[in-house]
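What follows is a short report on a single structure.
In each ligand, atom 1 is the first atom listed, and ligand 1 is the first ligand listed.
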Amino acid sequence: MAETSGTDAAPKKVVMVTGGTGLVGCGIKEFVESDAEAKEKEEYIFLSSKDGDIRNMEETKLIFEKYKPTHVIHLAARVGGLFSNLKYKVEFFRENILINDNVMECCRIYKVEKLVSCLSTCIFPDKTTYPIDETMVHNGPPHVSNEGYAYAKRMIDVLNRCYKEEYGCNFTSVIPTNIYGKGDNFSIDNGHVLPGLIHKCYKAKQAGEDLHVWGTGSPLRQFIYNVDLGALMIWTMRNYHEVDPIILSVGEEDEVSIADAAKMIASAMDFEGNVVFDTDKSDGQFKKTACNDLLKQKNPDFKFTPMKEGLKQACEWFCENYETARK
Ligand code: NAP
Ligand code: GDP
């Protein structure tokens with residue numbers, strides 16, 4: 001049974017976060033630990049794969065029966081950077097389809113009041129006009145490098161509308177840009193660009209070698225700090241009432257090149273060696289510039305952490321937690 005909150009005796013929301021131990025889960029956790037409304041009115045459960053493999057329906061049902069969530073933030077996914085997506089398209093498709101199908105169907109069966117799932121700007125069409133907005137998710141094929149992941153993720157948006165129409169479910173989704181922060185997966189081979197470069201920079205500094213950036217460094221990305229995304233996902237759960245997705249991103253003016261991001265990391269890590277570009281490696285999608293007008297309209301006062309500040313936090317965290325960080 002959910003605890004009651006404060007003097008009005010209203011039951012607390014039971015918010016279950018799937019994939020709650022990952023990068024975004026860590027961001028949500030850091031945000032809610034210092035948020036008054038969360039303390040007073042919400043109880044949080046952060047799941048990892050140790051609580052059950054949610055590719056499996058029976059294990060997923062057991063989790064829902066155990067925690068009886070009133071609200072679900074669905075983050076669990078097979079996640080990886082460009083190079084992992086290029087290599088394992090089938091696994092990215094199949095595992096994410098299974099995970100998403102099980103979570104959505106359990107939210108229907110166990111009458112969850114609200115489900116917020118996570119898409120990504122890399123699922124948008126490759127050939128598109130810029131900036132990308134929420135209406136464009138299905139307007140053409142995604143970039144070929146991550147088509148397994150992208151098509152699986154797109155189905156969340158399709159099913160959100162189907163579940164609402166057929167069963168009246170209150171499901172929605174958010175579309176974050178590239179994310180970084182403390183608690184990331186710093187794998188060089190399978191991770192995303194910023195954690196991969198932080199790890200490579202750490203090693204290059206130790207060994208007195210060059211920092212190798214893959215590709216030309218010219219692609220452009222918008223990066224959001226995981227605690228900012230955590231705050232915005234909780235805002236979405238409490239205040240955003242549409243079935244259609246909402247882009248959670250820094251502005252178009254904050255887009256940076258991979259080369260500039262690498263320089264920021266070198267500076268945050270006090271790395272004084274050479275930064276070199278391995279141009280035989282893939283650049284992936286050139287850009288996926290997203291428009292955050294809908295977010296600004298609905299949540300005009302939100303202040304993003306400047307990227308230099310967020311990167312300093314992420315780099316410090318990685319150096320201090322080198323032995324135990326995921327890598
Ligand atoms: P992450 O750090 O890789 O964490 C993934 C989480 O999912 C972990 O808690 C993991 O648990 C859990 N998980 C994975 N497979 C599972 C399974 N079969 N059963 C149960 N739990 C499982 O991922 P993230 O970067 O936080 O991503 C969160 C969401 O944001 C994902 O939906 C992703 O698609 C989306 N997103 C990420 C980015 C990005 O740049 N990282 C960008 C856009 C969107 P264990 O740790 O126990 O394995
Ligand atoms: P994406 O944003 O979905 O394409 O995924 P990533 O986070 O993996 O970013 C890929 C971009 O960063 C591409 O342009 C890569 O060429 C470039 N990049 C440069 N160095 C690295 C690295 O060490 N790891 C990764 N994953 N990408 C890198």
Query raised in the report: To which of Ala76, Cys122, Ser49 does the heavy atom nearest atom 48 (O) of ligand 1 belong?
Result: Ser49
Query - Asn185 near ligand 1 by a heavy-atom separation under 4.0 Å - result: no
Query raised in the report: Do Glu42 and Arg238 sit within salt-bridge range, that is, some charged N less than 4.0 Å from a carboxylate O?
Result: yes
Query - Lys29 to Phe46, cation-pi by 6.0 Å centre distance and 45° axis angle - result: yes
Query - Subset of ligand 1 atoms that lie under 4.0 Å from at least one heavy atom of Arg55 - result: 18 (N)
Query raised in the report: Does Lys200 come within less than 4.0 angstrom of ligand 2, counting non-hydrogen atoms of the residue?
Result: yes
Report summary line: Within 4.0 Å of some non-hydrogen atom of Cys118, the atoms of ligand 1 are 29 (C), 30 (O), 32 (O), 35 (C)
Report task. Could you go through the side-chain contact (heavy atoms from CB on, under 4.5 Å) check for Glu113 and Asn170 one step at a time? Result -> CA-CA 6 Å; Glu113 288 168 33; Asn170 190 9; 5.9 Å; no
Report task. Please work out which of the three classes, parallel, tilted or perpendicular, describes the rings of Tyr322 and Phe318, given edges at 30° and 60°. Result -> perpendicular
Query raised in the report: Taking NZ, NE, NH1 and NH2 as the nitrogens, is one of them in Glu105 or Arg108 under 4.0 Å from a carboxylate oxygen of the other?
Result: yes
Query raised in the report: Out of Tyr180, Phe286, Trp214, whose heavy atom sits nearest atom 19 (C) of ligand 2?
Result: Trp214
Query raised in the report: Looking only at heavy atoms of Leu119, does any of them come nearer than 4.0 Å to an atom of ligand 1?
Result: yes
**Report entry** Region of Ser282 that comes within reach of ligand 2 [heavy atoms, distance under 4.0 Å]
**Finding:** backbone
Query raised in the report: Considering only the protein, which heavy-atom contact is closest to atom 12 (C) of ligand 1, and what is its distance?
Result: Gly19 CA, 3.7 Å
Query raised in the report: Can you find a heavy atom in the side chain of Asn100 that is under 4.5 Å from one in the side chain of His74?
Result: yes
Query raised in the report: Is there a path of hydrophobic side-chain contacts, each under 4.5 Å between heavy atoms of I, L, V, M, F, W or Y residues, that connects Phe171 with Ile175?
Result: yes
Query raised in the report: Counting each atom of ligand 2 from 1 as listed, which ones have a heavy atom of Pro219 under 4.0 Å away?
Result: 14 (O)
**Report entry** Nearest neighbour in protein (non-hydrogen) for atom 3 (O) of ligand 2
**Finding:** Lys288 NZ, 3.2 Å
Report task. Heavy-atom distances under 4.0 Å are what count here, so tell me which part of Val193 touches ligand 2: side chain, backbone, both or neither. Result -> both
Query raised in the report: For atom 14 (C) of ligand 1, which protein heavy atom lies nearest, and how many Å away is it?
Result: Ala77 O, 3.5 Å
Requested in this report: Find out if a path of hydrophobic residues (ILVMFWY) with successive side-chain heavy-atom gaps under 4.5 Å connects Tyr225 to Ile258.
Outcome: yes
**Report entry** Ser187 backbone acceptor or donor facing Asn185 side chain under 3.5 Å
**Finding:** yes
Query raised in the report: Should Val24 be counted as touching ligand 1, given the test is an N or O pair under 3.5 Å?
Result: yes
Report summary line: For atom 28 (C) of ligand 1, the closest protein heavy atom turns out to be Leu75 O, 3.5 Å
Query raised in the report: With a cut-off of 4.0 Å, which atoms of ligand 1 are near a heavy atom of Thr21?
Result: 8 (C), 9 (O), 11 (O), 46 (O)
Requested in this report: Measure from NZ or CZ of Lys281 to the centre of the six-membered ring of Trp214, then state whether that distance is under 6.0 Å and the direction lies within 45° of the axis.
Outcome: yes
Requested in this report: Flag yes if Val137 and Leu159 sit in one hydrophobic cluster, no otherwise; membership is Ile, Leu, Val, Met, Phe, Trp, Tyr, and two members link when side-chain heavy atoms are under 4.5 Å apart.
Outcome: yes
Query raised in the report: Gly81 heavy atoms, cut-off 4.0 Å: which ligand 2 atoms fall inside?
Result: 8 (O)
Requested in this report: Please report which non-hydrogen protein atom sits nearest to atom 40 (O) of ligand 1, along with the residue it belongs to and the distance in Å to one decimal place.
Outcome: Ile179 N, 3.1 Å
Query raised in the report: Tell me: protein heavy atom nearest atom 26 (N) of ligand 2, and distance?
Result: Gly191 O, 3.1 Å
**Report entry** Any Thr177 heavy atom less than 4.0 Å from ligand 1
**Finding:** yes
Query raised in the report: Hey, is the main chain of Leu295 close enough, under 3.5 Å, to the side chain of Asn299 for a donor-acceptor pair?
Result: no
Query raised in the report: Do Ile234 and Phe302 share a hydrophobic cluster, counting only Ile, Leu, Val, Met, Phe, Trp and Tyr and linking them when any side-chain heavy atoms are less than 4.5 Å apart?
Result: yes
Query raised in the report: Of the choices Asp189, Asp283, Asn178, which has the non-hydrogen atom that lies closest to atom 14 (O) of ligand 2?
Result: Asp283
Query raised in the report: Would a distance-only check, ignoring hydrogens and angles, find a side-chain to backbone donor-acceptor pair under 3.5 Å from Asn56 to Glu58?
Result: yes
Query raised in the report: Quick one: which of Leu82, Ile198, Leu194 has a heavy atom closest to atom 8 (O) of ligand 2?
Result: Leu82
Query raised in the report: Glu95 pairs by salt bridge (charged side-chain N to carboxylate O under 4.0 Å, His left out) with which of Lys89, Arg55, Lys153?
Result: Arg55
Requested in this report: Please state which part of His212 comes within less than 4.0 Å of ligand 2, counting heavy atoms only: side chain, backbone, both or neither.
Outcome: neither
Report task. Taking only heavy atoms of Asp53 into account, list the atoms of ligand 1 that are under 4.0 Å away from them. Result -> 17 (C), 18 (N), 19 (N)
**Report entry** Contact check, Ala262 vs ligand 2, heavy-atom distance below 4.0 Å
**Finding:** no
Query raised in the report: Does ligand 1 have any atom sitting under 4.0 Å from a heavy atom of Tyr180?
Result: no
Requested in this report: Output yes when the distance from some N or O of ligand 2 to some N or O of Phe83 is under 3.5 Å, and no in every other case.
Outcome: no
Query raised in the report: Nearest to atom 32 (O) of ligand 1 by heavy atom, Arg78, Lys153, His74: which?
Result: Lys153
Report summary line: Out of Gly181, Gly52, Ser120, the nearest non-hydrogen contact to atom 20 (C) of ligand 1 is supplied by Gly52
Query raised in the report: Out of curiosity, is Arg326 lining ligand 1, as in a heavy atom under 4.0 Å away?
Result: yes
Report summary line: Short version for Gln285: what comes under 4.0 Å of ligand 2, heavy atoms counted, is neither
Query raised in the report: If you measure from each non-hydrogen atom of Ile188 to ligand 2, which part falls under 4.0 Å: side chain, backbone, both or neither?
Result: neither
Query raised in the report: With a 4.0 Å heavy-atom cut-off (strictly under), which part of Arg221 contacts ligand 2: side chain, backbone, both or neither?
Result: side chain
